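Remarks on the structure that follows.
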Amino acid sequence: MTAVPHTFKSSELSRNSAEVFRAADLEGRVEITRRDGESLILSRKSSYAGNARGIEVASDLIAASLDEPGRPFVDRLQERFPWMSFLSSSGREQFAAEMVASARAGASVRDFTSFLRDLYEWRETAAGRAAGYTPNVDLEWLDESVEVMDPRTA
């Protein structure tokens, strides 16, 4: 595991837990050293859960890459992410390549936040396509912002 930004002795956790918790909140995780055992890492539950989810999704990528070597990787990946069917053929290829690169990058720094964000953005793109959005429609881009009514109050 990579080095943590801040280290505290277990006695500091006992005496000044607020400072240790604040450091964990600000820095993501801290190391608690102990005389009588291995050091512990204190981190936010959301960080732990995010990394666990990242590892889970990355394992799906690995499984898809190893399953049925004769079939295209994109097809094998689509079995694990059925929403890919709403992406264009080139979009599916791009998704597969980006996810592998993003998973490798996240693993290299032991933080899957960016990887999961990429995954969720692709899934939302697929949801948009499923809802009828087509990116090839001519859009009118505005040079200046325009104030519009809140549709909830109309």
Side-chain angles (χ1 to χ4, degrees), residues 1-8 13 20-33 38-154:
M1 190 154 217
T2 59
V4 292
H6 206 125
T7 302
F8 293 94
L13 178 60
V20 176
F21 293 152
R22 186 173 31 261
D25 271 339
L26 295 174
E27 299 171 20
R29 62 181 190 244
V30 296
E31 181 178 359
I32 310 296
T33 60
E38 187 176 356
S39 294
L40 303 172
I41 300 295
L42 176 66
S43 68
R44 285 184 232 95
K45 183 178 180 179
S46 60
S47 296
Y48 177 82
N51 277 334
R53 177 68 179 134
I55 291 168
E56 180 183 315
V57 174
S59 70
D60 276 340
L61 292 176
I62 293 168
S65 72
L66 298 173
D67 195 24
E68 297 182 54
R71 283 181 55 217
F73 174 62
V74 171
D75 294 347
R76 292 178 272 155
L77 196 57
Q78 190 168 334
E79 289 177 3
R80 285 161 172 76
F81 304 105
W83 49 261
M84 286 176 60
S85 64
F86 293 110
L87 300 174
S88 66
S89 178
S90 63
R92 289 189 294 272
E93 293 284 344
Q94 187 179 355
F95 166 76
E98 284 185 18
M99 287 297 91
V100 169
S102 187
R104 293 183 71 190
S108 73
V109 296
R110 291 172 175 77
D111 185 340
F112 289 98
T113 304
S114 181
F115 168 62
L116 290 174
R117 184 177 46 249
D118 293 345
L119 173 72
Y120 298 145
E121 287 174 357
W122 273 105
R123 187 180 64 199
E124 290 304 310
T125 298
R129 295 288 300 271
Y133 171 74
T134 54
N136 298 329
V137 173
D138 289 332
L139 299 175
E140 179 184 345
W141 294 98
L142 303 176
D143 294 325
E144 296 180 26
S145 60
V146 175
E147 189 171 331
V148 296
M149 276 183 34
D150 184 338
R152 297 169 293 188
T153 60

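All figures in this text were calculated on a predicted structure; none of them were measured in a lab. Along the sequence shown, the residues carry numbers beginning at 1.
- Here the shortest heavy-atom pairing between Leu61 and Ala103 reads CD1-CB, 3.8 Å.
- Checked options Ile32, Thr33, Leu13; the residue passing with Phe8 is Ile32 (criterion: side-chain contact (heavy atoms from CB on, under 4.5 Å)).
- A distance of 6.5 Å separates CZ of Arg29 from CD1 of Ile41, quoted to the nearest 0.5 Å.
- The shortest distance between side-chain heavy atoms of Asp118 and Met99 falls below 4.5 Å.
- Taking both residues in full, the closest heavy atoms of Ala96 and Val74 are given as CB-CG2, 3.9 Å, listed atom of the first, atom of the second, then distance.
- In terms of heavy-atom proximity, Gln78 sits nearest to Ser85 at NE2-CB, 3.2 Å.
- For the pair Leu119 and Val57, the minimum side-chain heavy-atom distance is below 4.5 Å.
- Here the side chains of Met84 and Leu77 are in contact, with some heavy-atom distance below 4.5 Å.
- A side-chain contact (heavy atoms from CB on, under 4.5 Å) with Glu121 is found for exactly one of Arg117, Glu124, Arg123, namely Arg117.
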Exercise for review: Would you sort out whether Thr7 and Val30 count as a side chain to side chain contact (heavy atoms under 4.5 Å, CB included), showing the intermediate values?
Suggested key: CA-CA 6 Å; Thr7 302; Val30 296; over 6 Å; no
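- A donor-acceptor contact under 3.5 angstrom links the side chains of Glu98 and Trp122, judged on distance only.
- Interatomic distance, CZ of Arg129 versus CH2 of Trp83, reported as 13.0 Å (0.5 Å rounding).
- The shortest distance between side-chain heavy atoms of Phe86 and Thr125 does not fall below 4.5 Å.
- In this structure, the separation between CD1 on Ile55 and OG on Ser59 is 9.0 Å, given to the nearest 0.5 Å.
- Two residues are said to be in side-chain contact when any heavy atoms from C-beta on lie closer than 4.5 Å; Leu42 and His6 fail this criterion.
- More than 12 non-hydrogen atoms from other residues, nucleotides or ligands lie less than 6.0 angstrom from CG of Asp150.
- With values rounded to the nearest 0.5 angstrom, Asp75 atom CG is found 9.5 Å from Glu68 atom CD.
- With respect to the salt-bridge test (charged N to carboxylate O, under 4.0 angstrom), the residues Arg44 and Glu27 do not qualify.
- Contact between Arg80 and Ala63 at its shortest, heavy atoms only, is NH2-CB, 3.3 Å.
- A distance of 5.0 Å separates OH of Tyr120 from CZ of Arg53, quoted to the nearest 0.5 Å.
- Ring-plane geometry between Phe115 and Phe112 is classed as perpendicular, the angle between the planes exceeding 60 degrees on a 0 to 90 degree scale with a lower cut at 30.
- Of all non-hydrogen atoms in Gly28 and Ser43, the two that sit nearest each other are O-CB, 3.3 Å.
- In Arg104, the CZ atom is not crowded: 12 or fewer heavy atoms of neighbouring residues, nucleotides or ligands sit closer than 6.0 Å.
- Ile62 contributes atom CD1, which lies 13.5 Å from atom CG of Asp67 (distance to the nearest 0.5 angstrom).
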